[in-house]
Amino acid sequence: MPGLMSLLDAVLAPIFDDLVPGASPALRPSQRADFQADGALQVARALGRAPREVAQEILSRAMERGLEQMCDRAEVAGPGFINLRLSAGMLAGRLARLRPGAEGLGAPVQRRRLKVVVDYGGPNAAKQMHVGHLRSSIIGDALVRALRAVGHDVVRENHIGDWGANFGMLVEHLCDLGEDRGAEELAMGDLETFYQAARAQYETDASFAERARARVVLLQSGDPATLRLWRLLVDASVAHFDRDFQRLGVELTREDVVGESFYNPMLEDVVTELAAAGLLVDSDGARCVFPPGHTNREGAPLPLIVQNSAGGFTYAATDLAAIKDRTQRIGADLIVYVVGLPQTEHFKMVFAVARMAGWLGPSSEAVHVGFGNVLGPDGKMFRTRQGGTVKLSELLQEAEDRARALMIARTEQTGQPLDGDMARTAAAVGIGAIKYADLSTDRTRDYRFDWDRMLSFDGNTAPYIQYAHARVCSIFRRAGTAADLTAMAGRALPPEEDEERELAKTVLCFGDALQSSVESYGPHKLCAYLFELASGFTRFYEKCRVLDVAPAELRASRLALCAATGEVLAYGLGLLGIEAPERM
RNA sequence: GCCCCCGUAGCUCAGCGGAUAGAGCGGCCGCCUUCUAAGCGGAAGGUCGCAGGUUCGAACCCUGCCGGGGGCGCCA
């Protein structure tokens, strides 16, 4: 049950490929028709023939191969474009085949099921999560859901910072507080306070600093008592993360935590293997690999340092160990790193070294899915009014509060009490707004965090799309029937009104949108699609009556279209990790 | 100094080789006897940073420049 565009592509592509191997129809939505294929111009150039003539030949062959049954208008236009308008009967036929769930709605299920590991940059243990961690969890979560929807086998790994020198001072601070009181503070209070206290002590108290350094040595040498305290700290952090992640509505849980400490025992082997492969170079006492093509500010080769001159392993070593573990033990075909853009060069180097070492090979690859910063409404780094970092938990609370306030304002304005679960809806709308604002623009750009805009019910926002879905649900509540797509899909008649036709078309393009979203690791493409679908539905809703229309067949047909729309809206929002309340 | 990203309507952003550059917001004009007006329609608004080049065709590719952000050996 592919999307309309891939359906057309399936007919056209073989003809293009036959004329010029590798040539593509270059299909895209068109203002003059439903779709247009621009590829004939390329083919004509390669063949040295007249473009319109080539386009006509392609079109004729396509018509014989099934295009005729799909289109009620198919013509060559302009310099050699092929314009295609689908027949209403064809649209009805496709609607009839819609079923709930990924494949039934048109998700392009991949021919090869890949084992995909998604690495979320991960917060540091013993520190509070803040807006900086928002993006990797939100984007990562959306990618995981989309990759799974198209049939991949996805493993989440939350690569938290749970190891390193910081833990010396943290463990000592825990000792000073006393284990019981410390544990209580960690569980109840926020981690930031604990971390700051330890940090302050470390900076002002020389003897404490000395103990902290000694503690690091104990930790690294595997001292059981120290490890137990370390574990306490990490567990407390993970418990906090769990709470935030759950509230944010991302799938990450403690089960997905694979922190730096996990790779610790493998680092020695990583370095040994790099040495054995002849890749390791000693430079000023540090052990490095020099992947070609990277230079430092003096123009000299830039090293990837895996072990510093003090003998400590760096995060490059950890990243390499993680790649090795994922491809060799887990059997990953693809590793996706959802980490900020500033690390671009680091990952390029790590991937290059992993390939040199053979940990990434012909059958496995890694991609860095980078993202920009979160900026405040003023265009500068997002901060509290006091200039501190914004805590995630407080941000989420504010989102829910603001959403609730908007809902209350509305009920006062209309005089209609909200009959649903106010708290739950407020959470769905508030959290959804945050996530959608993050996901709806190209992830590689910085994005501006603006409460009023993201919570607006107008424009490309989560509330607007959720509202369209709620209206669908409202229709079915009044109709007194369930929005059962399986039962209703077959009742769709060939659409007659423009708004019906456009809506039907958009519903049937879900698979195309998901496809391009997954291919580019770009959730914003799915967002753009859902916005188009929601606005298409709203236009339909304004123009076409559903419940009080005659004859009964038309009513049933429109209900079927509503059911399909509601299903795709809810499913699509679900892929973004956003809830679709039935009432708003 | 070198490398990467960004510069599209007043604002926030899509588009990234194809036919007159698209949305949303804001401003202006309309639309609630009717399934949630938290909505819809309309008109206005752009030398796609600048200058060259490649191409039948460039916002999109190449070169240079200007402006903004980031990175560039022992933190992660």
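In what follows, every chain begins at residue 1, and chains take the letters A, B, ... in the order their sequences are listed.
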Is the distance from OP1 or OP2 of [N] to the nearest side-chain N or O of [X] less than 4.0 Å?
X: A/Tyr541; N: B/G41; result: no
X: A/Arg545; N: B/U34; result: no
X: A/Asn83; N: B/A19; result: no
X: A/His524; N: B/G15; result: yes
X: A/Thr295; N: B/C2; result: no
X: A/Arg32; N: B/A19; result: no

### Distance between P atoms of B/G18 and B/G45 (Å, rounded)
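Rounded to whole Å, the distance is 26 Å.
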
### Query
Which whole number of Å gives the distance between the P atom of B/G64 and that of B/G1?
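14 Å, rounded to whole Å.
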
Looking at the side chain of [X], which of [options] is the nearest nucleotide?
X: A/Arg539; options: B/G24, B/C72, B/G41; answer: B/G41
X: A/Asp38; options: B/G18, B/U12, B/C74; answer: B/G18
X: A/Tyr315; options: B/C74, B/A76, B/A23; answer: B/A76
X: A/Asp458; options: B/G22, B/G24, B/U36; answer: B/G24

What integer distance in Å separates [X]:[atom1] from [N]:[atom2]?
X: A/Glu542; N: B/C40; atom1: CD; atom2: C1'; result: 4 Å
X: A/Leu455; N: B/U12; atom1: CG; atom2: P; result: 19 Å
X: A/His346; N: B/C75; atom1: NE2; atom2: C1'; result: 12 Å

### Query
When you check the glycosidic angle of B/C13, does it come out syn, meaning within 90° of 0, or anti?
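Classified anti.
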
### Message
Could you check whether A/His133 and A/Phe241 have their ring centres less than 6.0 Å apart?
### Response
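Ring centroids of A/Phe241 and A/His133 are no less than 6.0 Å from each other.
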
### Task
Quick one: label A/Gln42 by what it contacts on the DNA or RNA (base, sugar-phosphate, nothing), any heavy atom closer than 4.0 Å.
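Base, at least one base heavy atom under 4.0 Å.
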
#### Entry: base_contact_polar (B/U36 base, A/Arg410 side chain, donor-acceptor, <3.5 Å)
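A donor-acceptor contact between them is present.
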
### Query
Is there a donor in the side chain of A/Tyr263 and an acceptor in the side chain of A/Asp319, or the other way round, less than 3.5 Å apart?
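Distance-only check fails for A/Tyr263 and A/Asp319.
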
### Task
On the 0 to 90° scale, with breaks at 30° and 60°, tag the A/Trp230-A/Trp163 ring pair as parallel, tilted or perpendicular.
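Ring orientation of A/Trp230 relative to A/Trp163: perpendicular.
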
### Query
Which base, if any, makes a Watson-Crick or G-U wobble pair with B/C28, both distances under 3.5 Å?
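Its partner is B/G42 (Watson-Crick or G-U wobble, both distances under 3.5 Å).
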
